[in-house]
Amino acid sequence: MRAASRASKTADIWFRVVAGLCASTPVLFLVVIGVVVLIDSIPVIRYMGWHFLTGVNWDLGDMYGNMVVRNGVSAPAGATYGALPYIVGTLASSVLAMLIAIPVSVCTAVILAYRVHGPVKSVFSILVELLAGIPSVVFGLWGMVVLGPWIVHDLGPAINRVLGFIPFLRGSAGTGLGLLNSALVLALMVVPILTATTRDLLEQVPVLYREGGIGLGMTDWEVIRRICLPYVKDGLIGAVALGWGRAMGETMAVLMVGGSGMNALPHTIFSPISTMASVIANQLDSALTDATHLAVHALAELALVLMVLTLITNWLARILVQRSSKTLREGVRA
Amino acid sequence: MKWNRKQWAGLTASAAVLVTLAGCGSGAGNSDTSNAANSTDNSTSSASSAPVTLNETGSSLLYPLFNSQWIPAYKSVHPNVTINAASTGSGKGISDAVAGNVQIGASDAYMSDALVQQNPSMLNIPLAISAQQIMYNIPGLSADKHLNLSGDVIAKIYMGEIKQWNDPAIAKLNPGVSLPNQPITTIHRSDSSGDTFLFSQYLSDTNSEWNTKYKYNTTISWPSLGNRSIGAKGNDGVVTQLANTKYSIGYVGISWLDKATAQGLGYAALQNKAGKDVLPTKDSIAAAANAMVNQVPDDERISLVYAPGDNSYPIVNFEYAVVNSHQSGDVAQALKDFLQWAIQPNGGNSSQYMDPVHFLPLPSSVEPKSEAQINKIGS
Amino acid sequence: MNQSRRLRRKLGSWIGFGGSWLATALVLFSLVDMVATILWHGVLSFRPAMLWTVTSGNGGGLENAILGTLYLVFLAVVISAPLGILGGIFVSEFAGSRLASVIRFCTEGLSGVPSIVIGYFGYLFMVIRWGWEFSTLAGSLALTVIMVPYILRSTEASLQQVPHALREAAWGLGMTKSQAITRVIWKSGASGIITGVLLAVAIGLGETAPLLYTAGWSMYNPSLALTHHQIGYLTYVVWTYIDMPYNESHALAYSAACVLLVVILFIHLVLRTLVQRRWSRTH
C-alpha cells in the first residue's frame, strides 16, 4: 500500500471539479429554460391575465393594421390569446390515451409476467420495448395513413352505432384526423413505458403472497386482481403519471394526426384538436411575423404552462415510483 | 495515472473547444466547399469568385417555380452559387428573412407596415405575378364544368353560414348544375401563409362580416366548424387534404393547379369586382395585373386582389422576395445577380419557367421598380 | 348456489385472461402493423441511388438527410456523452446525498420537458439571440439538452450497481477516488454506460420537434461549418414530404421513415442483447 502522491491528489480535485461542472449541466439547462420561458411570457401575462387560461379564441390580431396598447403592452388590434382549447386538447387527448393505454398495458404486463415463459417471453418483451424506440414522426405517419382511414371507414361508424347514444361519442368521423386518432397514437406511444414498468413490478411481487392467495382457494385471476395489482398500485400510478407526462408533451405525432383544430373546444371524440405542444410547433412561424412580438410571448406562456404541467406529473411519478420501490424492497425482505 | 489525466483533459478540452467555437458565433467565414461540391459537377467553366450559398424559405406557392425551374436553371449559368429552397409558408419566409436566418424569404404577402417600420432595411421585391384558385372535391361533377362562386358565398361557407353544397345561395350562382346534398368541409392553411393572406383579402373585400371579424392576415383565427374545418400545412398539404376529403373546399396557389386537377379536383370561376365570373387564365390574370400597375408604389407593397375590370381574375398577387438590403460582400453580389436574373424577361421571367407554374412575368412598368429595389442591396 | 358461484369465478378468470391475451395481441398487432406498413412502403419505394443522391425537386435522394442526421447526432453525442458520463460519475461517486438528489431531481425534470419547448428555447436563444441562424450547432445543442439526462441517469444507475467492495479495494490500494473510478470501477459500469449512450443516440436520431426551429433544412450535403449553415435530417423528410401530392415525395418520405426505423430498431436490438448478456453474466 502506498500513499497517494501530491500529483494524483491534484488530479483528483480536478476530476471532481470537472465532473461536478458536468453534473450541474442538467440543473443549468432546466433553470435557464425555465427562466427564459418565464421571462418571455411576462408581457402576455400582463396583456391577457387569467383570460389566457380561460379564453377560447386565439387570434393574432390585425397585423396589417394599427397597433394598440393595453395594460402597457402593445399588440396588433384585436389580438387575443385564449389557450383553453389547447389546454383542453392536451388534457383530453392525453387522458383519453391513458384511459386506453392503462388497461391494455396492465393486461399485457400480466401476460408477460405470468403467462409466457422462456424465449416467447423475451421475444414479446423485446417487441413491446421496441415500440418505445420508434420515432414519433413514424407514429404520426402511421396514424395518418393507416389509423385515419380506418377511423373514417370502420371505427367511427362502429362507435356511432354502438355508443352513439352518448353525445360526445356521436358524430361524423370527418377526415379521421382529430381527438380520437391522437389519443390512439398517444396510447400506443405510452403502452411500452407502462407495460415494461408494470411487468417489472409484477415480477417483484413476492411468491409467498401469491402462493398465499392460491392457498386460500383463489383462482389465478383472483390472485392477480386481489393481491398482485393492489401490491404494485403505487408503482403503477407512478408509471401512469410518467406516461401521462410524455403524452402531454408529445409534439410531432399530434401535429400530424390532430387535425390542427383551433378556436373551439372539442365537441365530439372526432373533433380536430391542437395540443399546446403542437401549437408551439405549428404557430411559431406565424407568431414571428408579429411586429410587436406579443404572439411569440404568447407561445412562451404556452410553453410555460406545458412545462409546469409536465414537470409536476413527472416529479409526482418519480416520487410514487420511488416510494413503491422502497415498499417493494421491504416486501422482498419480509 | 498520467494517461488518465490526459484522457480526461482531452475530453474536457474537446468540449471546451466546441463551446468556444460556438461562442464565436460568426464562424461563417470558414470554407464550406463541401457544400458546393455535391450533386452537380461544377468542375469546369466556373467563374473566379468564391462559392456562395443562398438560402430561401417561404411561400409554397413560389416553391415549384423556385425549386424545379429556377434553381436548376441558375445552377447551369452560375455553378458556384448554391441555392437552397424550402417550402415553409410565406410567414416563415418573412420571419426568417427578417431574423437573418435566410437571404431570401419568399412570400405571397408583403410585409405589414409595422414590420417594415421596425425593420427599415427590409425590401419587398416582386419577382412574378401569380394567382390563387378556389378548389373543391365534388365527386360526380364533370371536370370541365367549373362552379361559379362569389367571395361572399365562400366567406359564408368558411363561417359556417352555408353548410351544404346544395344551399340556395350556391345554387343561385350555378343554375342548371345538380349540386350534391352533402355537407361542406372547409380546408385552410394551418401554417402562416401568403395564400391565406390573399384568400382572406378577397373575403374581406366581398363580405363585410368577414371584414369586421377576421380581416386579412397570413394567419387567420379561423371560425371553428367542428370537424367540418381542417387545417393543412402548405399548398401541398391542402391539395392532399382536398383529394382525400370528399365534398371539401379549399384555396390553392396557381402553381399547384396542374397537380391538383390531376388528382381530380375542380376549380371555380370567381365573381370579380365587375360582377363577372372569371376563371384563372393567362388573360384574366394579366387583366387584373394591368388594372393595378399604375398604382404600384416604389416599395411595391400593394395588393392586387379584387382588381376592377370585366375580365380581371379577383385573386392575383405579386410573388415577393423579402430581402434584407444589408448583406455581407460576396453574398450581396450573388443575391443581387440572382434576383436581377430572376426578373429578366430573358432570364427567370421567361415563359419557359413561368408557363409550367401558370405564373406571369412582371409587367414592363413594374420591372424597373423591382430592379431599383434590388440595386439597394449592398454590404 | 355454491356451484354457480364457482362457475362465476371461473368465468371471471377466463374473461380476465382472455381480455389480457386480447390486449397483448392488440399491442403486438399494432406494432407489427406499424413496422410492416413502413417497411412495406419503404422497401417498395426505396432505391439504392437514394443513398448517394441529394434531395431535389419533389423527390431525389436522402444523402443530405442521412449525412445531416449523422452529423447532428454525432456532434450531440460528442458534447453530451462527456457531460452525461462525468455528471453521472459525480452524482454516483462524489456528491453528497442532498446534492445528488437535487441533481437527480433536475435531471428527471429535464427529461420530462417536452422536446418542442427545448426547440423553442433553442430558437429564441441560439438561432436569434446569439445569431447562429439555423445551424448544425444549434440543432445538436438542442439534441444535447435532450440526451444528457438519459446518459447521466444510466451512468449513475450502472455505477450504483458496482459493488461497494470494489471501491474499498481500490481505495485500499492507495488510489484516490478518481483513480479508483478511471482504473477500476468504470469497467464494471461500462456496458451500462454504453447502453445509455446508445439509447441517447437512438433518441437523437428520431427527434424532430427540437430540430424544426434550430437546424432548418438543407437540400445539400452538410458543410462542416457549425453555425450559419442549415442542415437536413431524416425526420424532416418524413414530416414534410408525406404531405406533398406527388408519388415521388411519398416514396422519399417512406424511404426516410424506413431507413430511420431500421437503424433505430437495430440499435435497440443491439442494446437488448447487451443488456441481456450483462444480465445473464451477473445472475
Side-chain angles (χ1 to χ4, degrees), chain A residues 5 7-8 10-11 14-15 18-19 21-22 56-67 74 76-78 80 85 148-149 171-179 255-256 258-268 270-272 274 282-293 295, chain B residues 1-2 4-5 8-9 11-12 15 57 88-96 98-99 107 109-119 183 185 187-193 196-197 201 213-233 241 244-245 248:
Chain A
S5 72
S8 56
T10 1
W14 271 106
F15 185 77
V18 171
L21 285 177
C22 291
V56 178
N57 257 319
W58 187 277
D59 190 339
L60 302 187
D62 181 14
M63 291 190 225
Y64 283 82
N66 292 322
M67 303 298 140
S74 103
T80 176
S172 140
T175 55
L177 300 179
L179 179 55
L255 195 54
M256 291 168 90
S260 314
M262 286 187 82
N263 293 341
L265 304 174
H267 291 294
T268 74
F270 306 107
S271 300
S274 288
N282 212 0
Q283 291 277 313
L284 188 53
D285 45 351
S286 309
L288 288 164
T289 53
D290 181 355
T292 62
H293 300 298
Chain B
M1 183 243 293
K2 267 190 178 148
N4 279 324
R5 266 166 75 191
W8 293 118
L11 272 177
T12 41
T57 57
T88 58
S90 299
K92 191 161 165 58
I94 294 177
S95 57
D96 280 348
V98 170
S107 176
Y110 46 87
M111 288 167 66
S112 67
D113 292 344
L115 218 49
V116 168
Q117 272 162 27
Q118 217 169 60
N119 306 279
T185 302
I187 293 170
H188 59 80
R189 290 281 291 273
S190 61
D191 51 343
S192 176
S193 156
T196 303
F197 179 81
Q201 258 184 353
K213 273 193 190 158
Y214 304 103
K215 297 209 168 55
Y216 59 89
N217 205 339
T218 49
T219 310
I220 294 288
S221 180
W222 293 100
S224 169
L225 313 175
N227 55 10
R228 292 268 160 242
S229 75
I230 309 166
K233 178 168 61 77
Q241 198 61 258
N244 290 342
T245 315
S248 57

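Below, chain A is the first sequence line, B the second, and so on; all start at residue 1.
Separating the CG atom in Asp59(A) from the CD1 atom in Ile220(B) is a distance of 8.0 Å, to the nearest 0.5 Å. Interatomic distance, CE of Met63(A) versus CG of Leu115(B), reported as 9.0 Å (0.5 Å rounding).
In this structure, Pro272(A) and Ser229(B) approach most closely via the heavy-atom pair CG-O, 3.8 Å.
Heavy-atom pairs under 4.5 Å with chain A peak, among Asn217(B), Val116(B), Asp96(B), at Asn217(B). Options Thr219(B), Asn119(B), Asn244(B), Thr245(B) differ in how many heavy-atom pairs under 4.5 Å they form with chain A, and the most are formed by Thr219(B).
Residue Gln117(B) does not touch chain A at all, counting heavy-atom pairs closer than 4.5 Å. Only the side chain of Met67(A) comes within contact range of chain B, with at least one heavy atom under 4.5 Å from a heavy atom of that chain. Residue Leu177(A) touches chain B through its side chain alone, counting heavy-atom pairs closer than 4.5 Å. For a residue to count as touching a neighbouring chain, one of its non-hydrogen atoms must lie under 4.5 Å from one of that chain's; by this rule Ser90(B) does not touch chain A. Neither the backbone nor the side chain of Asn66(A) comes within less than 4.5 Å of any heavy atom in chain B. When heavy atoms are compared at a cutoff of 4.5 Å, Thr185(B) does not approach chain A at all. Interface residue Asp191(B): backbone and side-chain heavy atoms are both found under 4.5 Å from chain A. Of the two parts of Thr88(B), only the backbone, made up of N, CA, C and O, holds a non-hydrogen atom closer than 4.5 Å to a non-hydrogen atom of chain A.
In this structure the side chain of Lys233(B) never reaches within 4.5 angstrom of the side chain of Leu255(A), judged on heavy atoms. At least one side-chain heavy atom of Thr218(B) sits under 4.5 Å from a side-chain heavy atom of Thr289(A).
Asp285(A) contributes no side-chain N or O that, together with a main-chain N or O of Ser95(B), makes up a donor-acceptor pair within less than 3.5 Å.
Inspection of the Ser221(B) and Asn263(A) side chains reveals an N or O donor paired with an N or O acceptor under 3.5 Å.
Ring planes of Tyr64(A) and Phe197(B): tilted class, angle from 30 to 60°.
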